[in-house]
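One structure below.
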Number of protein chains: 2
Amino acid sequence: MATGRTHRPATRSRGIPEATVARLPLYLRALTALSERSVPTVSSEELAAAAGVNSAKLRKDFSYLGSYGTRGVGYDVEYLVYQISRELGLTQDWPVVIVGIGNLGAALANYGGFASRGFRVAALIDADPSMAGKPVAGIPVQHTDELEKIIQDDGVSIGVIATPAGAAQQVCDRLVAAGVTSILNFAPTVLNVPEGVDVRKVDLSIELQILAFHEQRKAGEEAVADAGAVPPVVARKQQPSIDQGPDGDVPAVMPA
Amino acid sequence: MATGRTHRPATRSRGIPEATVARLPLYLRALTALSERSVPTVSSEELAAAAGVNSAKLRKDFSYLGSYGTRGVGYDVEYLVYQISRELGLTQDWPVVIVGIGNLGAALANYGGFASRGFRVAALIDADPSMAGKPVAGIPVQHTDELEKIIQDDGVSIGVIATPAGAAQQVCDRLVAAGVTSILNFAPTVLNVPEGVDVRKVDLSIELQILAFHEQRKAGEEAVADAGAVPPVVARKQQPSIDQGPDGDVPAVMPA
DNA sequence: TAATGTGAAGGCGTTCACAGCT
DNA sequence: AGCTGTGAACGCCTTCACATTA
């Protein structure tokens, strides 16, 4: 253990489950929409529908934050917005650096959702010297050489990596060495970080592959459902060999 | 139940856990890298390290696919690449449409990882008539009016939504009506879809908020750890009020 | 001998169902 | 009467530890 302090906070029952934390932003978004429509209170049922979860889960989630509802009535929208914002740490300002200002980095820099909720783009950083000074989303791009200085001067603790895969680990190492402790990684690579640094990844390719798996499965189920009946009118794509037995069977291809 | 067929496939033990499916692309990526370096075999320990998981989990994951390893030796890299690709449905070609060619949509269109693994950008679609015909990533943008025709002609079953939040549900409805059954949603909205349609979402804002939660927590732990000692040399940001008791306490703000 | 494949145990998250409060 | 808050049951996922096999 590198840090020499206990893994769980010493404070009492502050163990909000990770799954719950991941849903708080969803609730917050739905609540914000209600707030803008000046809706004063909302029931767990209504809010759950707006957030796309079931109401039991929502109530359980909220129970980890405290007893913020009123039985027989529901939740006070404004109050909940504040409580969840505070719990997520959005009542303070988080400066963020984006490294790698290609297509994706530029898209992120222009993303409005950033500023709206406590996040502020402190700097855009790119390794290409010809990018330096060029404004993207109204912010001048700075060269990678400045990375450490920017992070230290602005007290940046969250970094976004939007570089090519090959550069990601190196950028990550420099971010961490300079003091960044949370990283959002868009590069298709596994990042190695020391204990105490959080990494979340967003990976288009993985998401598509997961969809493809289920899509393939659907095609297979169709085939099963249609077995013995007429073939589907629109054969959307060639049927994959849906099954070849549970195990121990001969694969179609066995290299080497 | 809309489809009138059983929820689980009728075929035998093909119940690959969702968590496993989500990791298969990671393994595949690591294996592909090994394959390019002409590494013939790999142990669960090595491959797990490359994919950023522990080896027991990896072996369990692979056990759902079948017995593809050799005891005392490890896994044949090429063979595994093929098996996982097949399992994920990547041995066939998946045409994909991207709707909403703003900064993000353009970034996605230019993303190389697309073509590399079974996915092909069949069309780029945008509601702005002035975009029509303009090439992005070498592909001419088409107007939303063409959406249904494109999907049906090309047999597209996977759609990517990169529109503003306000347009997302409407686009989603049209995609689904035209035959799309898997959607990757980049818009910050909950999408309502009929049974049988898969939606995965990628939400920058949510990811950042989750990071902020943990970041805030770290700051709190530091404060606890440093209690009674000298303050940290670099006070990275103002300490959030780390805790105000487990529950039943008075909040700082109580609106209405 | 070395590393896979897998029962068994444990932990986490979801759902149920209802007690408790307004 | 209505809706929250939550113990309890359930199911999924992870981890352990070792029997099994090349």
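Only heavy atoms go into these numbers, but all of them, side chains included; no hydrogens, no water, no symmetry mates. These numbers come from a predicted model, not from an experiment. Every chain is numbered from 1, with letters handed out A, B, ... down the list of sequences.
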Who passes side-chain hydrogen bond (donor to acceptor under 3.5 Å, both in side chains) against B/T20, sequence neighbours left out?
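Applying side-chain hydrogen bond (donor to acceptor under 3.5 Å, both in side chains) to B/T20 gives B/D61.
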
Sequence-distant partners of [X], side-chain contact (heavy atoms from CB on, under 4.5 Å), two or more places apart:
X      : value
A/Q169 : A/C172, A/D173, A/L191, A/N192
B/T189 : B/A165, B/A168, B/A187
A/N54  : A/A56, A/K57
B/T70  : B/V73

Please report, rounded to the nearest Å, how far the P atom of C/dG5 is from the CG atom of B/L80.
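It is 9 Å, rounded to the nearest whole Å.
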
A/L58 CG to C/dC16 P, straight-line distance once rounded to whole Å:
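Result: 15 Å.
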
So, taking the atom named CZ in B/F186 and the one named OH in A/Y111, what distance separates them when rounded to the nearest 0.5 Å?
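Answer rounded to 0.5 Å: 11.5 Å.
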
Please list all pairs passing the ring-ring contact (aromatic ring centres under 6.0 Å, His included) test where one or both residues lie in residues 38-58 of chain B, with sequence neighbours left out.
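Those involving residues 38-58 of chain B do not exist here.
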
List for me each residue that meets ring-ring contact (aromatic ring centres under 6.0 Å, His included) alongside A/F62, sequence neighbours excluded, and say none if there are none.
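If we apply the ring-ring contact (aromatic ring centres under 6.0 Å, His included) test to A/F62, skipping adjacent residues, the hits are A/Y27, A/Y75.
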
Quantify the bending of the helix from C/dT1-D/dA22 to C/dT22-D/dA1 as the angle between its end axes, each fitted on five pairs, to 10°.
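The angle, to the nearest 10 degrees, is 10°.
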
Classify the nucleic acid contact of A/F62 as base, sugar-phosphate or nothing, counting any heavy atom under 4.0 Å across all strands shown.
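Answer is nothing: A/F62 stays at 4.0 Å or more from every strand.
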
If you only use heavy atoms from C-beta on, which nucleotide in D/dC13, C/dG13, C/dT4 is closest to the side chain of A/P17?
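The nucleotide sitting nearest to the side chain is C/dG13.
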
Ignoring the backbone of A/N54, work out which of D/dC13, C/dT15, D/dT14 is nearest its side chain.
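Within the option list, the nearest is C/dT15.
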
Among residues 40-50 of chain A, which residues get a heavy atom nearer than 4.0 Å to DNA chain D?
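Hits under 4.0 Å, by residue number: A/S43, A/S44.
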
I'd like to check the salt bridge (Lys or Arg N to Asp or Glu O under 4.0 Å) partners of A/E207; sequence neighbours left out, ordered by chain and number.
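With sequence neighbours excluded, A/E207 shows a salt bridge (Lys or Arg N to Asp or Glu O under 4.0 Å) to B/R200, given in chain and number order.
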
My understanding is that only residues two or more places apart in sequence, or in another chain, count here; which of them pass salt bridge (Lys or Arg N to Asp or Glu O under 4.0 Å) with B/R59?
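In terms of salt bridge (Lys or Arg N to Asp or Glu O under 4.0 Å), with neighbours along the sequence ignored, B/R59 is linked to no residue.
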
Please list, pair by pair, any protein nitrogen or oxygen found under 3.5 Å from a nitrogen or oxygen in nucleotides 18-22 of chain C.
residue	atom	partner	partner atom	Å
C/dG20	N3	A/R71	NH1	3.1
C/dT22	O4'	A/R71	O	3.3

